[in-house]
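Notes to accompany the following structure.
Here is how names work: the chains are called A, B, and so on, in the same order as the sequence lines, proteins then strands, and each is numbered from 1.
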Amino acid sequence: MEDLFANQYPAANSKNLYADIILPVPIPKWFTYSVGLDIQDQIGIGYRVMVQFGKKKILTGIVAKVHQKAPDVYQPKPILDLLDDFPVVNALQIKFWSWMSSYYCCHIGEVMNAALPSGLKLSTESKVQVHPDFDFDNPGFPMDDREILLLETLSKHDEMNVEQFDQLLPGKTSHKIIKSLLGKGAILVYESVREKYSPKTEQRVRLTSKYIKKEGLLESLFEDLKGKEKQEAVLLKYLQQVSVFQKPEANAKGLEKKVLTDHGCSPSSIDTLVKKGVLESFKVLVSRFEVPSVSDHGIELSPVQGEALQQIHAQFEEKNTILLQGITGSGKTEIYAQLIQDVLQSGSQVLLLLPEIALTTHLVHRLQKIFGDKMGVFHSKYSDNERVEVWQGVLKGKYNFIIGVRSSLFLPFDSLGLVIVDEEHESSYKQFDPAPRFQARDAAIMLSWMHQAKTLLGTATPSFESYYNAQNGKYGYVKIDKRYGNAELPHFFLADILQDKKKNLLKLDFTRLLREKIQTTLNRQEQVLIFQNRRGYAPYISCDECGWIPECEHCDVSLTYHQYQDELRCHYCGFKEKVPISCHACGSQKITTVGTGTERIEESLSLLFPEARIARMDLDTTRSKYGYQRILEEFSAGNVDILVGTQMITKGLDFDKVSLVGIVDADRILFYPDFRAGERAFQQITQVAGRSGRRDKTGDVIIQTRRPDQLIFRQIIAGNYNDFYRLEMAERKQFFYPPFVKNIKIITKHKDFKTAETAAKFLKNLLMDIAAKKIILGPEKSLIGKIKNLYLFEIWIKLDRSGKVQQFFKQQLMDRIAELQADKRFRMVRFLVDVDPY
DNA sequence: AGCACGCCGACT
DNA sequence: GTCGGCGTGCTC
């Protein structure tokens, strides 16, 4: 197709204004378009524009920069349309995006994709129409059956989109036919933009004003309605719900139609009254969020909390970021609430980041009670329309306090005063796929700095990075080591799995100690949490005769057995298959499950404690929007005695009746081939242990392990973070691990093993030449060597911490990757760059 | 990432 | 012959 806008170039160029546009394409370039005279006065940073990209594609992008520097090698295309009266994105956001793209080595278009709710990203679709000049009886060219079918279908509709034709005709033939018909002038093809966000509306009715203004009219109306019982009922119901004479303004607001129909009024009789001019029907825009009532719950701080708050205020005088280490149950929520209130009163905005799992819990409800409709919630399970509404809410100043998951960093804040990152150690703050592969805690600190705001990192078990920064004075540091109301820390017990096994005391993965403790807890009518960080029934199944293990066809992993659906599943690509009846290698029928997942734990518990009510919380039981909430509510209502779960149960559960926490297999957490394994084990065990015992009760924690001699257990039990930190840090320093170096991981991905490997080797050689203080490890096959039929190789880079070195190296790195991708051997290789990987 | 262009096999 | 495969180059 020819360039439709070729004739517009000269006019658009006459005043030489250009705009750099961020487009949602993964191309590491800026795209400069010319700004037409008609929009030159209006256009600015953050406006959405429509541009032609390539030969026919129309995209919406965001203006990143307006300038007068003409591109010297090409003639820019004009901006087709300015879509907004006000910018949807502010200059600070653009700055934040561009920081993120350069720090995390990705394209700014990818950041934009992550940042904008897709409701704001207008897309175009190709529409097809019969050409107005086309005459069916006299087409002027011979038509085949498919062309006739297509044209006939098309003439029955005003317009159709290309996807509809794909359903009409088999295969991909429709595209071809559309093209040929277009050439013959029988049809028109054009791009149409569609706004995806649709506001929610509500149908309401009200009494027309004449019945209120004119006395007696209503009485005579009832006369007229005699015998028409249904209509009479509608009217009576309305008058009962809305006191139209006492409060005329109430009538103006009307009544939701649904209220009438819910009370048994028929929709048709309502419509009749509307036709008669008695009622009038109208639509109003409503929010998708229920407005919680603000109950003026004051915030009350205990002396310990008050003391911590004082310290925070004092340290914010000098430091921009503070690490608040408060043990589980020390009441960080109240401190947050007080800080938030102070900042809101000064007129600034506040962002509170939470890991996704913690977002449905009581913390949100607590804060909602205090801050009411000033507070917006941004959840990852929200629909796109809901996200747009939160976005608009921030933009219009309806919400000045947002509590949300990591993507809420991208909301259009213009004057943040405080960012709080709760559970700052949580590894889910790191996004891996897709790019941008950002660490939300670190990005929050940057965002905060751009707003000249303060950042508070809260946790019971700090990440090594944050603790290190607190120790060396870069961050402030405040510690609370008393539980709220002086509740005591739980008692820890180590249960030796191997010992019990030898003595035949291990039953279905449970040691005698854990079984006995569960029983006594149940007898006291208290609740139990059982932690097992592995979902499914069993990690894998295996043939007793020859040891054959079913593996995924597309990935380099064994399949996990899920008993509930009686199938084998790949946790990496979602592949499923029926459980084999006999071994594929030797034909034996003796196939048994190996290892233990949450499903199996649930089953074992029901065998060991048949009278107990047991529930399970893991990815499989919480997929739906309110999945977590349902299980948590059941648990907190006391309808469940034992809750089994993965790390999900370590977050935000605050239940008074939990007095026992059991960790089925602590070794699974500890012995993991990763330098952070120790740190993670300390955090996870401490976190889950913190769920045991509240207020006046002291809880118990049972850790089952094969290696009770491990030093880390003693440190966890003593709550001695400091000792643990010191020892672990010495090791990290010795072996060049973060926070002493900056890690960058590069993954090459390709469908051939050899190509993926060679690409990685070539890249490594190129990287060795970069003049920067670094250590390069690999390439090595990834831990999981193949995922979704793509082979994976990894290169690890340990880089000097200085900002200058990092910036230089990253720039070089991206250049070298571009260089390699230009080589046709590696064209199909994907290079993933992961800065500060987990 | 899409998408069009271009050069080779297997069918009416 | 042509239809349709996917290698390769480009997008302001």
Without placing hydrogens or testing angles, list every side-chain donor-acceptor pair under 3.5 Å for residues 87-98 of chain A, not counting sequence neighbours.
from	atom 1	to	atom 2	distance (Å)
A:N90	OD1	A:L92	N	3.1
A:N90	OD1	A:Q93	N	2.9
A:N90	ND2	A:F413	O	2.8
A:Q93	OE1	A:N90	N	2.9
A:Q93	NE2	A:F410	O	2.9
A:S98	OG	A:K95	O	3.3

To the nearest angstrom, how far is [X] atom [atom1] from [N] atom [atom2]?
X	N	atom1	atom2	result
A:L59	B:dG2	CG	P	10 Å
A:R830	B:dG2	CZ	P	11 Å
A:W30	C:dT11	CH2	P	18 Å
A:K77	C:dC10	NZ	C1'	11 Å
A:D433	B:dA1	CG	P	12 Å
A:Q75	C:dT11	CD	C1'	16 Å
A:F826	C:dG7	CZ	P	17 Å
A:M828	C:dG9	CE	C1'	11 Å

Note to self: Please enumerate all residues that pass side chain to side chain contact (heavy atoms under 4.5 Å, CB included) together with A:L395, with sequence neighbours excluded.
What the structure shows: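 With sequence neighbours excluded, A:L395 shows a side chain to side chain contact (heavy atoms under 4.5 Å, CB included) to A:W391, A:Q392, A:P412, given in chain and number order.
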
Return the nearest nucleotide to the side chain of [X]; candidates are [options].
X	options	value
A:I27	C:dT11, B:dC5, C:dT8	C:dT11
A:K29	B:dA1, C:dT8, C:dT11	C:dT11
A:K57	B:dC3, C:dT8, B:dC5	B:dC3
A:F53	B:dA1, C:dT11, C:dT8	C:dT11

Note to self: Tell me whether A:K798 at atom NZ has more than 12 heavy atoms from other residues, nucleotides or ligands lying less than 6.0 Å away.
What the structure shows: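 Enclosed: over 12 neighbouring heavy atoms sit under 6.0 Å from NZ of A:K798.
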
Next item on the list: Flag yes if more than 12 heavy atoms outside A:W796 fall under 6.0 Å of its CH2 atom; otherwise flag no.
Entry: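 Yes, CH2 of A:W796 has more than 12 neighbouring heavy atoms, counting only those of other groups under 6.0 Å.
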
Aromatic [Y] / basic [X] pairing, under 6.0 angstrom, 45° off normal:
X	Y	answer
A:R437	A:F432	yes
A:K810	A:Y103	yes
A:R676	A:Y838	yes

Notebook entry, point to check: Residues from residues 103-113 of chain A sitting under 4.0 Å of DNA chain B, heavy atoms only?
Noted result: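 The answer is none.
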
Note to self: Over all strands shown, is A:Y33 touching base, sugar-phosphate only, or nothing at heavy-atom distances under 4.0 angstrom?
What the structure shows: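 Result for A:Y33 = sugar-phosphate.
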
